Participant: 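Sharing a structure, written as structure tokens. Questions coming.
Note that the coordinates shown come from a computational prediction; the quantities given were computed from them, not determined experimentally.
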Amino acid sequence: MDPKDRNSTSISEFILLGLVETEMLQSVIFILFLLAYMITIVGNLGILAAILVEPKLHTPMYFFLGNLSALDAGCITVTVPSMLGRLLSHKHAISYDACISQLFFFHLLAGVDCFLLTAMAYDRFLAICQPLTYSTRMSVAVQRTLVSVCWACALTNALTHTIALNTLNFCGPNEVNHFYCDLPQLFQLSCSSTKLNELLLFGVGFIMTGAPVVLIITSYIHVVAAVLQIHSVEGRKKAFSTCGSHLTVVFLYYGTGIFNYMRLGSEEASDKDKWVGVFNTVINPMLNPLIYSLRNPDVQRALRRVIVGKWSLR
């Protein structure tokens, strides 16, 4: 950040108001979020461990799922531990630099999530609609390239918003009506015009959600048509099961993302925005391992193998 721009920002920290005000409710929130964080980390790392130890899961679909699990563990780690620390210390301040860093890493990891879900839809399309050429079209090199492209696109998005935010001046007030730093809430605290930033957020958000959604819908139109041609009832059931888990995650992820960012104008931050943030940063990462493991017997067997293996070493 240019020192001249930083000098025009008179505040050095933000005050995150959190989810609730009363001390009793803060204690409840602390316990709930701590449990959610532990469940999410254990669940996602469990899925990742299962994929690594089970040879049957060394396929493109589970390669992408392993990446998704690592991203979910990272995404919740960006926001929740710092929130728990503030609840414990009863200090709601976060430095300017820490706030901007949190925003950058959240949008980076969430952005990779967004594009990775598209890559997973493409993988299902090739596996079901192009089975004879699947192994060559989804080689290890192609998988790594797709993941690298997801990271590159997400990094571009996160850097764009972070740099644009750093052009704004913040001279007070500094109270953020949220439990982590995010763009819509910070826009409301700027003393300079945020119209260009809001247009940028809407425009880039439209591209980041519109293009993947179109690709996902197109992939699944072909997938459904191909699955309906399968004569085996068991074959249809298995195909719809693997696709159903992915589609459930897509609806949850994009639904909350569109509500949170696809808005023009500096609307006053409300409690509704904060609870949508809870869904984005806590509920979605916690539900993903449950969705994929409950509907997938291969993952369940691998998880049992991981758990039994740990106990057998004791």
Participant: Please check if the side chain of Glu175 supplies one atom and the backbone of Phe14 the other of a donor-acceptor pair under 3.5 Å.
Facilitator: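 The answer is no, because no donor-acceptor pair under 3.5 Å joins these two groups.
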Participant: I'd like to know if the side chain of Asn157 and the backbone of Cys153 have a donor-acceptor N/O pair within less than 3.5 Å.
Facilitator: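 The answer is no, because no donor-acceptor pair under 3.5 Å joins these two groups.
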Participant: Indicate yes or no: at least one non-hydrogen side-chain atom of Leu186 is less than 4.5 angstrom from one of Cys99.
Facilitator: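 A side-chain contact under 4.5 Å exists here.
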Participant: To the nearest 0.5 Å, what is the distance between OG (Ser95) and CD1 (Ile11)?
Facilitator: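 Here the interatomic distance stands at 11.0 Å.
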Participant: Is there a donor-acceptor pair closer than 3.5 Å between any side-chain N or O of Asn169 and the backbone N or O of Ser192?
Facilitator: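 A pair under 3.5 Å: no.
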Participant: Under 3.5 Å, is there a donor-acceptor pair between the Tyr253 and Asn280 side chains?
Facilitator: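 No donor-acceptor contact under 3.5 Å links the two side chains.
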Participant: Answer yes or no: is there a donor N or O on one side and an acceptor on the other, between the side chain of Arg86 and the main chain of Phe179, under 3.5 Å?
Facilitator: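 At least one qualifying donor-acceptor pair exists.
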Participant: Could you list the residues that satisfy salt bridge (charged side-chain N to carboxylate O under 4.0 Å, His left out) with Lys56, not counting sequence neighbours?
Facilitator: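 In terms of salt bridge (charged side-chain N to carboxylate O under 4.0 Å, His left out), with neighbours along the sequence ignored, Lys56 is linked to Asp298.
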Participant: Which pairs would a plain distance check flag for residues 103-111, meaning a side-chain donor or acceptor within less than 3.5 Å of a matching protein atom at least two apart in sequence or in another chain?
Facilitator:
residue: His107; atom: NE2; partner: Asp182; partner atom: OD1; Å: 2.9

Participant: Under 3.5 Å, side chain of Tyr254 to main-chain N/O of Cys114, donor-acceptor pair present?
Facilitator: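 Here the side-chain-to-backbone pair exists.
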Participant: Step through it carefully: locate the ring centre of Tyr220, locate the ring centre of Phe125, and say whether they are under 6.0 Å apart.
Facilitator: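 No, the ring of Tyr220 stays outside the 6.0 Å limit from the ring of Phe125, centre to centre.
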Participant: Between Thr79 and Gln102, is any side-chain donor less than 3.5 angstrom from a side-chain acceptor?
Facilitator: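 On atom types as modelled, these side chains do not qualify, holding no pair under 3.5 Å.
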Participant: Counting only pairs under 3.5 Å, give me each side-chain donor-acceptor contact of residues 29-43, with atom names and distances, residues two or more places apart or in other chains.
Facilitator:
residue: Tyr37; atom: OH; partner: Thr77; partner atom: OG1; Å: 3.1
residue: Thr40; atom: OG1; partner: Ala36; partner atom: O; Å: 2.7

